[in-house]
Each structure stands twice: as structure tokens, then as C-alpha cells.
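First up is the structure itself, then whatever we jot down about it.
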Amino acid sequence: MAEKIQKPKGTQDLLPEATIAWQHVETTARQLFASWGYGEIRTPIFEDTALFLRGVGETTDIVHKEMYRFEKSERDLCLRPEGTAGVVRAFMEAGLSRASKPVKLWYTGPMFRYERPQAGRYRQFHQLGVEVFGLATPETDVEVIALAWQLLESLGLKGLTLHLNDIGTASDRTAFRAKLQEHLRPLLPQLCKTCQHRFDENPFRMLDCKVPACQAAYESVYIDDFLKTPWTGIDSQAAFTRITTLLSALNIPWVQNHKLVRGLDYYTHTVFEITANTDGVDGMGTINTVCGGGRYNGLVETLGGEPTPGVGWALGLERLIALLPKHEDSSPLMVVLPSGNDGSSPQDWASAYQQAKTLRQQHPTATILLDTSNRAFKKQMEAADKRGASSVWFQRDGEWQQKLLGR
RNA sequence: GCGGGUGUCGCCAAGCGGUUAAGGCCCCUGGUUGUGGUCCAGGUAUACGUGGGUUCGAUUCCCAUCACUCGCCCCA
């Protein structure tokens, strides 16, 4: 027997039962974005590799070891590992930088990262995100966050927390990194092995360590003191305060997370994550970040465009859907059987098709099924019942009659 | 890249050295039933991931391998 072909590792087949939830999320998001004035953008699933090398940063794991990279006709291409870089590229290429500001966009689609699959983490996964170009005001950051919050609320999610921080600019971080290492070097022998390893590679990650002894060492080390590069005309601290004040006024519960210093290279100033309580949620494992984003004022310029500030977020659809309450398809189901106990003539069939058509017009939200199996009438009744039909229609003495299938 | 878990019919799941390898669900057929819900009878299926080894004998033990899965890393 030929070997079975299976889906590639880390991918999923979404069967009709599952796509109901996806459609629900997509529909909700689409309506919300439209009413907030965000336009949809669709960009290619593969791009020039250089886009991500420059945009996301060569040192990040995403680019470093997780890209699906391939060459075709001497072009170095790769499957997109995230959405922002492609949107920025398209934004520049379409000349949107000359459009009136701000430019508000949203996108959705598959992303690809070559990594070990786990609960809530796939090699092909889907993101839904927004990007706003052209405004560097704290109020823009709040709007973008409020939009994410509104979407998650509309979908009925509970137990959400917004974590945010200001991580300054790349140069602020370089200074902080040096200071951090200087501060921690003498303490190194007391820290756990993982932290010792991270000291050189990525000292920011050390701040996330869960070992109590390590935590104590990091207690007083905050990036705040290194935020020298101001926003446009606003001091960093003042900007952050404006953001948090406004969030509170909007009843969006936030917490400042000083440890939120990671992220892709392109972030400047505001970074945030929305986490969910994943206790007892199937398919989420230990992962609880649903949405992540921030401001990226230097990205457009890095990719060769006019200096343009930007801010946005992306949320993982697989993770989001795992958190959603089960969504049942509640539309009534009616089944049309072609005839009564006697065999069906061509006229009977034509009449059945017509009857189905009429019912579909009369009940636009219902599902109307025509049984074309040609099985015994009794079998058709059984099948209708098994499917959970609320009623069946059948012909008797030339008349269509409905029979309710109550329990 | 590094750890842990699991692999028996489409799904769930017994068996743990010698079995015709249970059972349930699903599916199909026939019957019963107030033309369907219940119930009864029957039927279909190349099911022990793969390759070695131990043994008189392996689904059951050992090794390897593959696949899936969970965790670390990192992230959505």
C-alpha cells in the first residue's frame, strides 16, 4: 500500500465544525474595522528575504532560524513570518506615504515560522493585525489598543490583561543593555544557568526569569531611566503617562510591565501585550499572550521609505479561537424529502427542488437540505432526525406538508 | 536545537508473552415503533506505526526509527 501522506508538521486542517468559529471572528473583525475606518490590505505570502532581514532584524530568532527560506531564479525569497514588514513594504510601494495621514490598515492571513509546534503554536498560523501610519501621538497608541480591546470584548473574551511598557529607541536600549550587564556582572555567579547563558546573548530576557534568586537581583533594574530619546516634542515619561491616563479613562485595565523589553527590533517606545487567563483552556498550554504590538517609528525609514511613524498590533487567531466560548450553529435546519412513500417521478423531483427554493426564500437564515439519496423514505426520515433537523417537508397527495421533529 | 509522553478499526478503547485481538460510537441492512426519536437483530473494516532483536511463540519484553503530542528556547 502506498504510504499515507499527512499534513506537514505544525499545520492544521480546519473542518467545517471548526471554521464556524473562524468565520465568526472574521466577520466580527471585518465589521469593527470598517466602522473604525480601517481599510483592508492584502499582501503576498512570500516576500524578498531582505525585507525581513532588514525589517524584523537579523538577530531575532524569527529571522535567524525560523524562516521558510528558498531560492527561485536567483531570488532569495521566504514565507512571511509576520505581517508588519510586508504591510510597510506595500505602504511604501503604493506611494501611500503621500496619502493624507493617518493611513489605517488591517490585514489577516497565514504566517510561517519553522519551529517546534506546541499547544497554541503552529508552523503555519494566522494573524489578524492593524497598522496605523503617520501619527506619533500617544493618543494614536491608545486608539490602536482600544481597537484591539474592543475586538476581544466583542468576541466575548473575559479575563484579559493589558501589559504595557515604554522600551525607548534602539539607542536607548543599547545604553540600557550596557548598564544592565554592568550591573549584573558581579551577581552572575549567583544566577541560574539559563540567566548566565542569556547574559551575553540577550540580557533583556533575564528579566523574565522565574527563579526567585534571579528575580531579586533584577528588582531595581528598570529601563525607564534610559529613555532619553523623546517622542516628537514630548518627553517619554510624559507620553507614557498620557497613554495610561487615557486608558484608565476608557476603563481598559492596564499594568505596566517593566520586564516587557523583548520584542522585535523595530519597536520604539510603546510595546504591549494582551494576555488571557488560560487555566483550563484546551489547546493553549502554557501560552497566554493573545495579542502583541507596539510603536515602530523607525521601521519605514529602515526599509527605505520616508521617515514615517507607525503603530500596530497582531493577534494570533489560533490562540484567540482556543479561548472563545464554543460557538454553535443555531440556525434551524429543514429537510425536503422528494416524495411520500411512493417512488419519485421526475415531476416529483422538480417539485422538490422548487419547494426547497421556496423555503430558502422564505427562511433566509435557515438551512434547507434536499435529500437526494434516493433511499427508502424511512431512511431519509432517520437521516433528517440524526442531523438534528427541526422539521421535514414531504409531498403527500400532491401537497407539500411540514412535519415537525420535536424531541 | 534540547527534554518528557503516546502510538491497537474512521473515533474512543480493552488486552500486557500463546486470544477467532473484546467492547462502545459512527456507518450500512432488516425488524419494531403513532411514516422519525426508543428498542432488537445482523453487517462492513487490510486495526496492533515501521525495522530489527530476545523467545518454541510477541500486540504484549528489549533496541532503533518514524509520526503525533506536551514542555524549554522564542513568540501571535
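All chains are named by letter (A, B, ...) in the order of the sequence lines, taking the proteins before the strands, and each is independently numbered beginning at 1. Worth knowing before you read on, the calculation uses all heavy atoms, side chains too, and leaves out hydrogens, waters and symmetry mates. Keep in mind that this is a model prediction, so the values were computed, not measured.
- Look at CD on E17(A): it is 14 Å from C1' on C26(B), rounded to the nearest Å.
- Taking only distance into account, the side chain of R387(A) never meets the base of G36(B) through a donor-acceptor pair shorter than 3.5 Å.
- Backbone-only contact: V290(A) has heavy atoms under 4.0 Å from sugar-phosphate atoms and none from a base.
- Comparing G51(B) with A67(B), their C1' atoms are spaced 15 Å from each other, to the whole Å.
- Regarding E382(A), its CD atom lies at a distance of 13 Å from the C1' atom of C40(B), rounded to whole Å.
- Remark: E382(A) does not engage R375(A) in a salt bridge, criterion side-chain N to carboxylate O under 4.0 Å.
- Q362(A) CD: more than 12 foreign heavy atoms inside a 6.0 Å radius.
- Atom CE of M67(A) is separated from atom C1' of C75(B) by 15 Å (rounded to the nearest Å).
- Comparing M381(A) and Q127(A) by the nucleotide of RNA chain B that holds the closest heavy atom to each, the one mapping nearer the 5' end is M381(A).
- Side-chain N/O atoms of R116(A) and base N/O atoms of C74(B) include no donor-acceptor pair closer than 3.5 Å.
- Between G23(B) and A47(B), the distance separating the two C1' atoms is 14 Å to the nearest Å.
- Between Q401(A) and Y114(A), the one whose closest nucleotide on RNA chain B sits nearer the 5' end is Y114(A).
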> Could you walk me through whether T11(A) and Q124(A) pass the side-chain hydrogen bond (donor to acceptor under 3.5 Å, both in side chains) check?
Replying inline: CA-CA 5 Å; T11(A) 63; Q124(A) 173 175 338; over 6 Å; no

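- Separation of the C1' atoms belonging to G18(B) and U29(B) is 37 Å when rounded to the nearest angstrom.
- When the C1' atom is used for both C12(B) and G17(B), the distance is 26 Å, rounded to whole Å.
- Base pairing analysis places A67(B) opposite U6(B); the two distances defining the Watson-Crick or G-U wobble pair are each below 3.5 Å.
- Look at CZ on F125(A): it is 8 Å from C1' on C75(B), rounded to the nearest Å.
- Across all strands shown, U59(B) forms no Watson-Crick or G-U wobble pair with both key distances under 3.5 Å.
- R375(A) comes within 4.0 angstrom of sugar-phosphate atoms only, judged by non-hydrogen atoms across all strands, and of no base.
- Nucleotide U19(B) is matched to nothing when pairs are restricted to Watson-Crick or G-U wobble geometry with both distances under 3.5 angstrom.
- Judged by Watson-Crick or G-U wobble contacts below 3.5 Å, the nucleotide G36(B) has no partner.
- The C1' atoms of C56(B) and A64(B) are separated by 25 Å, rounded to the nearest whole Å.
- Rounded to a whole Å, the CD atom of E131(A) is 13 Å from the C1' atom of A76(B).
- Nucleotide A45(B) forms no Watson-Crick or G-U wobble pair with any nucleotide shown, as no partner meets the under 3.5 Å limit on both distances.
- Nearest nucleotide to the K403(A) side chain, out of C74(B), U35(B), G36(B): G36(B).
- Whole-Å rounding puts the L369(A) CG to G36(B) C1' distance at 16 Å.
- Enclosure of atom CD in E399(A) is not indicated, since only 12 or fewer non-hydrogen atoms of other residues, nucleotides or ligands lie within 6.0 angstrom.
- One can place CG of D385(A) at 13 Å from P of C39(B), the figure rounded to the nearest angstrom.
- Taking a pair to require two hydrogen-bonding distances under 3.5 Å in either a Watson-Crick or a G-U wobble arrangement, C11(B) pairs with G24(B).
- Annotation: G24(B) and A14(B) have their P atoms spaced 15 Å apart (nearest Å).
- Distance, F377(A) CZ to U35(B) P: 10 Å, rounded to whole Å.
- Under 4.0 angstrom from either OP1 or OP2 of C70(B) there lies no side-chain N or O belonging to Q118(A).
- Of the candidate nucleotides U29(B), C74(B), G71(B), U29(B) has the atom nearest to the side chain of K379(A).
- The side chain of K386(A) lies closest to C28(B), out of C28(B), G71(B), A76(B).
- A salt bridge does not link D48(A) with R75(A): none of the charged nitrogens is closer than 4.0 Å to a carboxylate oxygen.
- Annotation: A58(B) and U50(B) have their P atoms spaced 15 Å apart (nearest Å).
- Within 6.0 Å of atom OH in Y353(A), 12 or fewer heavy atoms from other residues, nucleotides or ligands are found, so the atom counts as exposed in its surroundings.
- Rounded to the nearest Å, the gap between the C1' atom of C66(B) and that of G52(B) is 14 Å.
- The base-pairing partner of C72(B), taking Watson-Crick or G-U wobble contacts with both distances under 3.5 Å, is G1(B).
- Checked against a 6.0 Å centroid threshold, the rings of F33(A) and W106(A) count as neighbours.
- Contact of E115(A) with A76(B) (side chain to base): a donor-acceptor pair of N or O atoms is detected under 3.5 Å.
- Of the candidates G36(B), C75(B), A67(B), the closest approach to any side-chain atom of K378(A) belongs to G36(B).
- The phosphate of C68(B) (OP1 or OP2) has a side-chain N or O of K9(A) nearer than 4.0 angstrom.
- Distance check: L162(A) CG to Q256(A) CD gives 11.0 Å after rounding to the nearest 0.5 Å.
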